[in-house]
Amino acid sequence: MLLVRAARGRVLVRRGLQLVRTLATSAVWRGNWQGQTFSALGRQRSGCCCCWNGLSGMTAKRFCSDEEDVYEVELDPEPVPDVWPHVPVIALRRAPSFPLFMDIIELRNPLVMDLVRSKIMQGEPYVGLFLKRVHDSEEELVASLDEIYQVGTFGLIEKIQDSSEMLRLMVVGQRRIRITGQLEPPKTTPAAPESVLIAVVENVQTPAYETTEELTAIRLEMIRTLQDLTKANAVYKKTLRQVLHHCQRVVDNPVHLCDLAAVLSVSGPEELQKVLEETDVPKRMMQSLLVLKTDLEAIKLESKIQREVEENLEKHHRRTILREQLKIVKRELGLQLDDKEAIVAKYRAKLQDKVVPENIGQLIDGQLGRLRTIECSCQEFNLIRNYLDWLTALPWGVSSTDNLCMEHASEILDHDHYGMEDVKRRILEFVAVSALRGSTQGRILCFHGPPGVGKTSIAKSIARALNRKYFRFSVGGLTDVAEIKGHRRSYVGALPGKVIHCLRTTNTENPLVLIDEVDKIGKGHQGNPCAALLELFDSEQSASFLDNFLDVPIDLSRVLFICTANWIDRIPEPLRDRMEMIEVAGYVPEEKLFIARQYLVPQSMGDCGLSPQQFSITESALQLLIHRYCREAGVRHLRQQIEKIIRKVALQLVRRQCTSCHVNADNLCTFLGGQTFATDRLYERTPPGVALALAMGGSSLYIETTRQATHKPPTADVSGTLHITGSLGAVMQESAQIALTVARNFMHQRHPGNHYLQLENIHLHVPDGAVPKDDPSAGVTIVTAFVSLATNRCVRDNLAMTGEISLRGKVLPVTGIKQKAIAARRSGINCVILPADNRRDFEELPEFITAGLEVHFAANYEDVYKIAFDEPKKNEHSPREPLVKPSSLDA
């Protein structure tokens, strides 16, 4: 039921549009009030429209659909009151509203929608439009007045479209208003806690202004800017036409012209709000002009960018058309083939000068035939092209001519490297055998030795001496077998292995391939790379190496493989069996001095841009550098120290602190700081319980033993213990246990009454505890240290020894005799004890290494004892009193 009554000249609809939606009767209500008629027609099932001609000039239309009903109410214009203090608050997010201009506002909050409906039914179609300070919030309710700007626009609702979920309003701004307070909503209107629905407002008065020449100039400039905007952008022109449809003379009023500029602008909400809040008309016009100028510059920049993009697209499109036309003309004249035929011709041209095996040629022909029958857009087309790219890029039958001249190879090896006689001799043997046979076959050499001795650089010299292409890859830390064997073509992004990459890069069938750090190869869940190297290094299998990607046999028999390693015991035994091991020992000080003078100093000077007139270093300075700063087996650290000196000299020259620099032994410490090795040895005179060992890798190790003090006296039923420190590996710890047993048996035979080693707790330590050590060649040295501690006798001065000890006292041979002899000379040792089985290894050493060394060869520990304790020393400790078991004293 619809209740209508007249109050204060307006229609008051108590229950609003919600009750109108439920009207289902076909009755017609007619009432007259001031000559206006209200009619209600019932719902028509077959139609789509029902009309209400309401009081106060209200016309409503109802649109029916299967989902919901939409009501559109149009209010006839009425005089707007000059003062209206209470208005519902409508929060705007994107831009403020301005007087005389229309806005379309959509409301979805139920509280705001109910408030607007009730106001319309009460004949008060007025709202306050205020801009929110936070533009990202979608909330329509205003929790406090601080969330919105205080200056807004008083709006008149001219048209409303109502649905169950949304209320769309067409609002026309009337004047500027300012919020002065908050009004509680009526009790009939439910309100959310902490929300502002109705605000108390007042009109914002515009001060009077004079139409001066400056104001007129600003107005004309705004009009010209608007004209430029409409010319530059058609959207502005269309929008301006719509805005001025009912306000043709708005440009004559400066106040309305400012609002028009703000309505058309795409500037930010803050700038437009400043225009709305400004009351001084000249200032407002300047702000509006600035907004228009900013939009004009942005449109000009956008037009420029768009014009450049269009020119580029047009140029690209023109080139594409011309290119396609050129292809058609060439194809008609027979000057160019189709795309597929051109691809096939390219592959044929790549194989023209190569000797392709018959099975490979048949495979390539089959793949080319498949390529012709597959569309270019098919994925398999690209897979076949990738496969053919690799097959045709391999050097089938292409090889470099080996230079088998002995004099040429010897000259290059001697020029690039000093020393390394074993390596040079082996390469010359390879050249000699190849010269006699008339052909070369691939070999697998492995250079092993300490870091920095030139294992990698010698491989480049070998490649240059043999006139072969050089390729290097490292397998240190490699855990994926596909890096060597390649991926299967069924995988996405599959590629061949490193060996196929090598052949494609060098474009020869007989390159020199350096496989670096072979002792540091890893093993993971993706296979064991060592197993792939077994096939690569096998002379029988390398002639038909099968890569997973190519899946065809590749002949690698002519490839010369060279490997490098630091520790051969870390290389798997099957892999080590397939390689020819060549030891690259460290350098003695004389060799280091020659290398530094002939190679390192000139090369570092050239790298830093110094001439001989600007820098020089004496031989005494190089000797001091070698003995006190660089005692390692190689020369890498020596080169780094020389480069450090030259860099500091270059800094002094650039700063003009000097014109030249001469480095000698006296001023060397000013460039490098304090000496790293202040003394040659840890002990100038060896105390009891200490012996010097020559370890693997060219280093010397002190073996220290001492008695562990205890408050309890030794007893016959408790045996002494051995405590080991110094980061010793499992092999060296076993050597210490064996050495203790040998020392106890030796003391029992030579000194039956001395039970020191059996009863006392002994601590064995090897200095430099942070460095891991694991070497069986220190066995005889550990026995000597135990015997020296038990007898309280000092080992002979300047004596070092090496050799593995057996449980029966035999001295077993060891490896690395050259490095150990070099380590003895580096430490200032003049007497060395070696195993008897290593006599031949020592005799093969160059004379400059063995010169000045007193060498003794021992077959068992009795021989070692006679040499280590041959004669009493001056100021020597007195022999230890025999330590007798307590049980024998009681007897």
Side-chain angles (χ1 to χ4, degrees), residues 423 426 441-451 453 455-456 458-459 462-463 470-489 491 494-506 510-584 696-697 729-731 772 774-776 815-816:
V423 179
R426 179 63 187 87
Q441 293 294 329
R443 290 292 183 270
I444 298 94
L445 307 178
C446 181
F447 299 150
H448 64 92
V453 295
K455 301 183 296 295
T456 303
I458 191 65
I462 295 173
Y470 173 78
F471 185 86
R472 173 193 172 274
F473 69 94
S474 177
V475 294
L478 187 67
T479 59
D480 189 0
V481 70
E483 293 292 332
I484 298 175
K485 292 280 292 181
H487 303 83
R488 301 194 180 276
R489 293 199 304 275
Y491 297 154
L495 287 174
K498 290 291 185 181
V499 180
I500 304 302
H501 278 272
C502 162
L503 297 179
R504 181 176 181 177
T505 303
T506 59
N510 60 339
L512 187 146
V513 181
L514 176 65
I515 305 178
D516 216 353
E517 308 294 348
V518 73
D519 59 328
K520 302 175 183 63
I521 193 169
K523 181 180 180 180
H525 67 281
Q526 295 176 331
N528 186 4
C530 288
L533 291 179
L534 291 177
E535 178 184 357
L536 193 65
F537 291 165
D538 194 315
S539 58
E540 299 296 332
Q541 302 181 46
S542 62
S544 57
F545 177 76
L546 193 64
D547 185 87
N548 292 331
F549 181 84
L550 297 181
D551 201 21
V552 293
I554 306 296
D555 185 10
L556 302 178
S557 60
R558 301 182 61 189
V559 178
L560 176 59
F561 290 100
I562 295 181
C563 304
T564 64
N566 296 124
W567 307 98
I568 60 175
D569 55 342
R570 298 179 182 176
I571 305 175
E573 184 64 30
L575 185 61
R576 189 169 55 199
D577 181 64
R578 283 168 167 77
M579 298 185 294
E580 182 179 349
M581 312 302 295
I582 300 178
E583 184 179 6
V584 183
M696 189 65 183
V731 175
D774 198 12
D775 187 9
T815 59

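What's counted below: heavy atoms across the whole structure, side chains too, no hydrogens, waters or symmetry copies.
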With side chains defined as the heavy atoms from C-beta onward, is the minimum distance between [X] and [Y] less than 4.5 Å?
X      : Y      : value
Val513 : Ile562 : no
Val518 : Leu575 : yes
Leu534 : Arg578 : yes
Met579 : Phe537 : yes
Phe447 : Ile458 : yes
Ser542 : Phe561 : no
Leu514 : Thr564 : yes

**Report entry** Any pair counted as salt bridge (charged side-chain N to carboxylate O under 4.0 Å, His left out), so long as it reaches residues 539-557, sequence neighbours left out
**Finding:**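 Matches after skipping sequence neighbours: none remain.
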Report task. Just grab all the salt bridge (charged side-chain N to carboxylate O under 4.0 Å, His left out) pairs involving residues 519-530, residues at least two apart or on different chains. Result ->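 Every salt bridge (charged side-chain N to carboxylate O under 4.0 Å, His left out) pair that includes a residue of residues 519-530, provided the two are not neighbours, is Glu517-Lys520.
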Between [atom1] of [X] and [atom2] of [Y], what distance do you get to the nearest 0.5 Å?
X      : Y      : atom1 : atom2 : result
Asp538 : Leu533 : CG    : CG    : 12.0 Å
Glu580 : Arg426 : CD    : CZ    : 4.0 Å
Lys498 : Leu503 : NZ    : CG    : 13.5 Å
Ile484 : Ile515 : CD1   : CD1   : 7.0 Å
His487 : Asn548 : NE2   : CG    : 9.0 Å

Atom of [X], atom of [Y] and distance for their closest heavy-atom approach:
X      : Y      : value
Phe549 : Pro496 : CD2-CG, 3.5 Å
Leu546 : Glu535 : N-OE2, 3.7 Å
Arg489 : Leu550 : NH1-O, 3.7 Å
Gly816 : Glu583 : CA-OE2, 3.6 Å
Ile571 : Cys446 : CD1-SG, 4.3 Å

Requested in this report: Start with the C-alpha distance between Leu560 and Asn510, add both sets of side-chain angles, then the distance that settles side chain to side chain contact (heavy atoms under 4.5 Å, CB included), and finish with yes or no.
Outcome: CA-CA 7 Å; Leu560 176 59; Asn510 60 339; over 6 Å; no
**Report entry** Lys/Arg cation over aromatic Phe545: Lys485, 6.0 Å, 45° cone
**Finding:**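 Relative to the ring axis of Phe545, which defines the angle, Lys485 lies inside both limits.
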Listed pairs under 3.5 Å, donor-acceptor, residues 471-482 side chains, sequence neighbours left out:
from: Arg472; atom 1: NE; to: Asp516; atom 2: OD2; distance (Å): 3.3
from: Arg472; atom 1: NH2; to: Asp516; atom 2: OD2; distance (Å): 3.1
from: Ser474; atom 1: OG; to: Gly476; atom 2: N; distance (Å): 3.3
from: Asp480; atom 1: OD1; to: Ala482; atom 2: N; distance (Å): 3.1

Query raised in the report: Is Arg504 atom CZ crowded by more than 12 heavy atoms from other residues, nucleotides or ligands, each under 6.0 Å away?
Result: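 More than 12 within 6.0 Å, yes.
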